[in-house]
Structures are given as C-alpha cells and as structure tokens.
Protein chains: 2
Amino acid sequence: MTDQQDKSVIIERFSDILKGKGKRKTPERIKILEKVLDFKKLFTVEQLYQVMLNDDFPVSRSTLYNTVDVLMEIGWLRKMNTGESSIAYERVEQTAQIHLKCEHCGKIKLVKDTSFMAYMNARKFMAFTTSYYNLTVYGVCNDCARRIKQLKRKQKSDKK
Amino acid sequence: MTDQQDKSVIIERFSDILKGKGKRKTPERIKILEKVLDFKKLFTVEQLYQVMLNDDFPVSRSTLYNTVDVLMEIGWLRKMNTGESSIAYERVEQTAQIHLKCEHCGKIKLVKDTSFMAYMNARKFMAFTTSYYNLTVYGVCNDCARRIKQLKRKQKSDKK
DNA sequence: TTTACTGCAAATATTTTGCAATATC
DNA sequence: GATATTGCAAAATATTTGCAGTAAA
C-alpha cells in the first residue's frame, strides 16, 4: 500500500499545503495523517481514535474531527456512505473503486475496475457536472455464502 | 408518484405481510407507511417524525425506529448513505436510480437510467453475489453552477 | 508575540434500550 | 386473555461547540 518513502513525500506535501493555507503543522496532524494513510478502507473517527491510542499517541476527538475536516478541505478525504450510524471517511484515491458490501458480515471489499471507470468517464448527466462517483454493490460475499450453506446443511441433519 | 389507489393496495399488502409474520397492524404503522410512501427521496427518522407531527399524528421516535426496522425487514426500505450524521432511508423502488448529489447545496436528485441498469445487470463480481447496488454521483448541479458564476462576477465588479 | 491548535467539558444530535400501560388479535 | 406494540424516560453513541492553556510561526 503506502510505504514509508511514499509517506514522507505525502507528509511533506501536507506540510506545504498547511503552510499555504496559514494552518499550522502540529505533531498531532502529522501523526493522524500517517494513520489515515494506513487505512486500506473506510474508517470512522472512533477507529482513528483507537489507532492513535494503540500507537501511544493519544489525541482528543476534537482534534481528530478537526484534522479530518482539514483533510477533507484539501480534498484528501471524503465522507462515504455505509448505512451505519457513524460517519465513515475514505481516502480519495480509494473512492475510484467499487465497494462490494456484504449484507451478511458487513465487510466492504474494494475492487478496482477500469471497465466501470471507462463507462463512467464517458457518461454525462443532464444539468449536472460530475466530479466523482461511488458505486456500492450490496450482496453476499462467498465466505458468507459458504457459511450459510453449511448452516442449512447442519440444520437439516439435526432434524433427523 | 404513489397515488391514493396504489397506496391502499400497498397498505393491504403490508397488512398481509404483518399478519404472516405474526406482527400487529397498528394505526401507527399504517400511517407511518403512508408517509414513507410520500417521500420521493431519502428521508431520516427525524424528518418522518416532523411529517407525522404536521399531519396531527404524533408518534414517538421509538415507534418510528421500530416501523422503519419492520419495513427494512420485509425489504421495502433500505439504509442509504449520505455522509450526514444521521441515517437516511430510501424506498427500495427508488434505489434502482442514480443519485446525483450536489456538493454545493447538498440536494440529491434521483434519475432513472435504463442504460446503467442494463450495464449493471450484465456485470458479475468475483466471489460475490449481487443483490442490488447504488450509484451516487457527486458534483455540482446547474442551479449552483449558475449561482457560483454570478457570485464570481459580482466579486469582480465589487473590486473595481 | 501573536494567534491557531489542542483538549477538556459541556451541549447537542442521533440511536438504542428497559419497562409500564395499552391495544391488537 | 395473551402478548406485541407504543411511548416515555434513560442510556448509549456520535458529533459539535466554547474556551482556557499551550505551542507553532
């Protein structure tokens, strides 16, 4: 995913952007960014809070909300939709992917899909200028399908 | 949208389903369903609460959450994602449409799209069985685009 | 030195839960 | 009459806000 070298480049870029916006480069913001880069999928503020704790760098939730807002302002993060009661964030690079959400285990798998991207890039919508899009596909993942099948088989044999 | 005659058919069907599930047909549930049918787009429990109030049929939020759960259980509603802090629900019929969300005014417009449906119906995903999908397109609606343009023009002339 | 940022604590918003009274079946 | 449902009140969860102390520039 994002290796150490990439990270320092990204952090440098982040510092520049902060400076350009008259915002301050604080240890909290840098560390939070690093942790955000580690997430391979959607995450919530609460998850970020735990990750920071586990890395011996506790920050307040206010700071997390603040930094997440900054990252959204500069277009590095987006609010995404999960149907859960807490807001999920996602790195912009990941949003070009298709979200496969299993209705059974709730896990979301990201898949890259150039065919879909090509389809969407060619698409226009009436009276609307597209900046990006999100396709979430709901269904059942194979793991759960297998599990459900086994469960049913077991129930049958239990009846006997 | 859903006219009065359609509604009574739907309510009848709802009554049957409730009976079949050993659930009770209460005035609250029927009225809530009627209001849900009136929503042309996404709605939150809070909006539903207000609508019920305005129609002189106040119900508790508990009842709303309960009924919404029932409607989801029977597959008539789905949780949808808006990136706001409250959960939005949507009628299943509407989910086959594309959501155009304006990042400026936040309004979501639904558009029917048979070409996209055809594309998706033909699509398969590895290790995943699709049951439905949601495409949300983010961007700027023409109303806002116009407003932004005017604002910029105004700012320029103010500078002079 | 200036002032943006952090973190606390409190306010607000949203959702869930327990339970007594009630209404459906 | 049995019990599912309602609505209240309280708990749990999530997000926002105000402000004093702190630290970046």
Side-chain angles (χ1 to χ4, degrees), chain A residues 11-12 14-36 42-53 55-74 77-89 106, chain B residues 11-12 14-33 35 42-53 55-74 77-89 106:
Chain A
I11 290 171
E12 215 167 309
F14 185 51
S15 309
D16 288 347
I17 294 175
L18 287 176
K19 189 178 288 178
K21 288 192 163 270
K23 293 186 187 293
R24 288 180 183 168
K25 178 184 178 180
T26 66
E28 288 83 0
R29 282 177 176 169
I30 300 304
K31 193 73 179 183
I32 292 169
L33 171 60
E34 287 191 59
K35 290 300 163 191
V36 163
L42 298 160
F43 61 90
T44 62
V45 163
E46 192 55 32
Q47 288 173 319
L48 200 46
Y49 181 80
Q50 293 303 331
V51 165
M52 294 292 289
L53 265 190
D55 202 25
D56 273 321
F57 202 120
V59 291
S60 70
R61 278 165 242 265
S62 318
T63 301
L64 290 174
Y65 279 107
N66 176 313
T67 302
V68 160
D69 280 349
V70 172
L71 289 171
M72 288 208 295
E73 192 186 323
I74 69 178
L77 280 186
R78 286 185 190 137
K79 284 186 181 180
M80 295 298 292
N81 312 311
T82 62
E84 309 301 313
S85 54
S86 47
I87 296 175
Y89 300 86
Chain B
I11 290 171
E12 214 167 311
F14 184 51
S15 309
D16 288 347
I17 294 174
L18 287 176
K19 188 179 289 177
K21 287 191 163 271
K23 292 184 186 298
R24 288 179 182 170
K25 178 184 178 180
T26 67
E28 288 83 2
R29 282 178 175 169
I30 300 305
K31 193 72 178 185
I32 292 169
L33 171 60
K35 290 299 163 192
L42 297 160
F43 61 90
T44 63
V45 163
E46 193 54 32
Q47 287 173 320
L48 200 47
Y49 181 81
Q50 293 302 332
V51 165
M52 293 293 288
L53 265 190
D55 201 27
D56 273 322
F57 202 120
V59 291
S60 69
R61 279 166 241 264
S62 318
T63 301
L64 290 174
Y65 279 107
N66 175 313
T67 302
V68 160
D69 280 348
V70 171
L71 289 171
M72 286 206 299
E73 191 185 324
I74 68 177
L77 280 187
R78 286 185 190 138
K79 283 187 181 179
M80 295 296 292
N81 308 315
T82 61
E84 310 300 314
S85 54
S86 47
I87 296 174
Y89 299 86

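In what follows, chains carry the letters A, B, and so on, assigned in the order in which the sequence lines appear, proteins first and then strands, with residues in each chain numbered from 1. Remember, it's a predicted structure, so these values are computed and weren't measured experimentally.
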[X] [atom1] to [N] [atom2]: how many Å, rounded?
X: B:Leu18; N: C:dA23; atom1: CG; atom2: C1'; answer: 15 Å
X: B:Glu28; N: D:dC8; atom1: CD; atom2: C1'; answer: 14 Å
X: A:Lys31; N: C:dC5; atom1: NZ; atom2: P; answer: 21 Å
X: B:Tyr89; N: C:dT15; atom1: OH; atom2: C1'; answer: 8 Å
X: B:Arg29; N: D:dT5; atom1: CZ; atom2: C1'; answer: 6 Å
X: A:Ile30; N: D:dA24; atom1: CD1; atom2: P; answer: 11 Å
X: A:Ile32; N: C:dT6; atom1: CD1; atom2: C1'; answer: 10 Å
X: B:Ile87; N: D:dT13; atom1: CD1; atom2: P; answer: 14 Å

Using a 4.0 Å heavy-atom cut-off, does B:Lys19 contact any base of the nucleic acid, only the sugar-phosphate backbone, or nothing at all?
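Touches nothing.
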Out of D:dG7, D:dT5, C:dT6, which nucleotide sits closest to the side chain of A:Ser60?
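When the side chain of A:Ser60 is considered, C:dT6 is the closest of D:dG7, D:dT5, C:dT6.
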cation_pi(A:Arg78, A:Tyr89) dist<6.0 Å, angle<=45:
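Pair A:Arg78/A:Tyr89 does not count as cation-pi.
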Do A:Glu34 and A:Met52 have side-chain heavy atoms sitting under 4.5 Å apart?
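The answer is no, as the side chains (C-beta and beyond) never meet within the 4.5 Å cut-off.
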Would you say the side chain of A:Val51 lies within less than 4.5 Å of the side chain of A:Phe57, judging by non-hydrogen atoms?
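The answer is no, as the side chains (C-beta and beyond) never meet within the 4.5 Å cut-off.
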Along DNA chain C (nearest heavy atom to each residue), the more 5'-positioned of B:Lys23 and B:Lys79
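Here B:Lys79 is the residue nearer the 5' end.
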At under 4.0 Å, does any side-chain N or O of [X] touch on OP1 or OP2 of [N]?
X: A:Thr63; N: C:dG7; result: yes
X: A:Tyr65; N: D:dT15; result: yes
X: B:Ser86; N: C:dT15; result: no

Tell me whether the side-chain N or O atoms of B:Arg24 pair up with the base of D:dT3 as donor and acceptor below 3.5 Å, since no angle test is needed here.
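For B:Arg24, whose side chain was compared with the base of D:dT3, there is a donor-acceptor pair (under 3.5 Å).
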Does A:Ser62 contact C:dC5 through a side-chain donor or acceptor facing the base, at a distance under 3.5 Å?
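Such a pair does not exist between side chain and base.
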Contacts table for residues 62-71 of chain A: side-chain donor-acceptor under 3.5 angstrom, sequence neighbours left out:
unit_1: A:Thr63; atom_1: OG1; unit_2: A:Ser60; atom_2: OG; d: 3.0
unit_1: A:Asn66; atom_1: OD1; unit_2: A:Arg29; atom_2: NH2; d: 3.3
unit_1: A:Thr67; atom_1: OG1; unit_2: A:Thr63; atom_2: O; d: 3.0

When you measure from the side chain of A:Gln47 to the backbone of A:Thr44, do you find a donor-acceptor pair of N or O atoms at a distance under 3.5 Å?
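Confirmed, A:Gln47 side chain pairs with A:Thr44 backbone.
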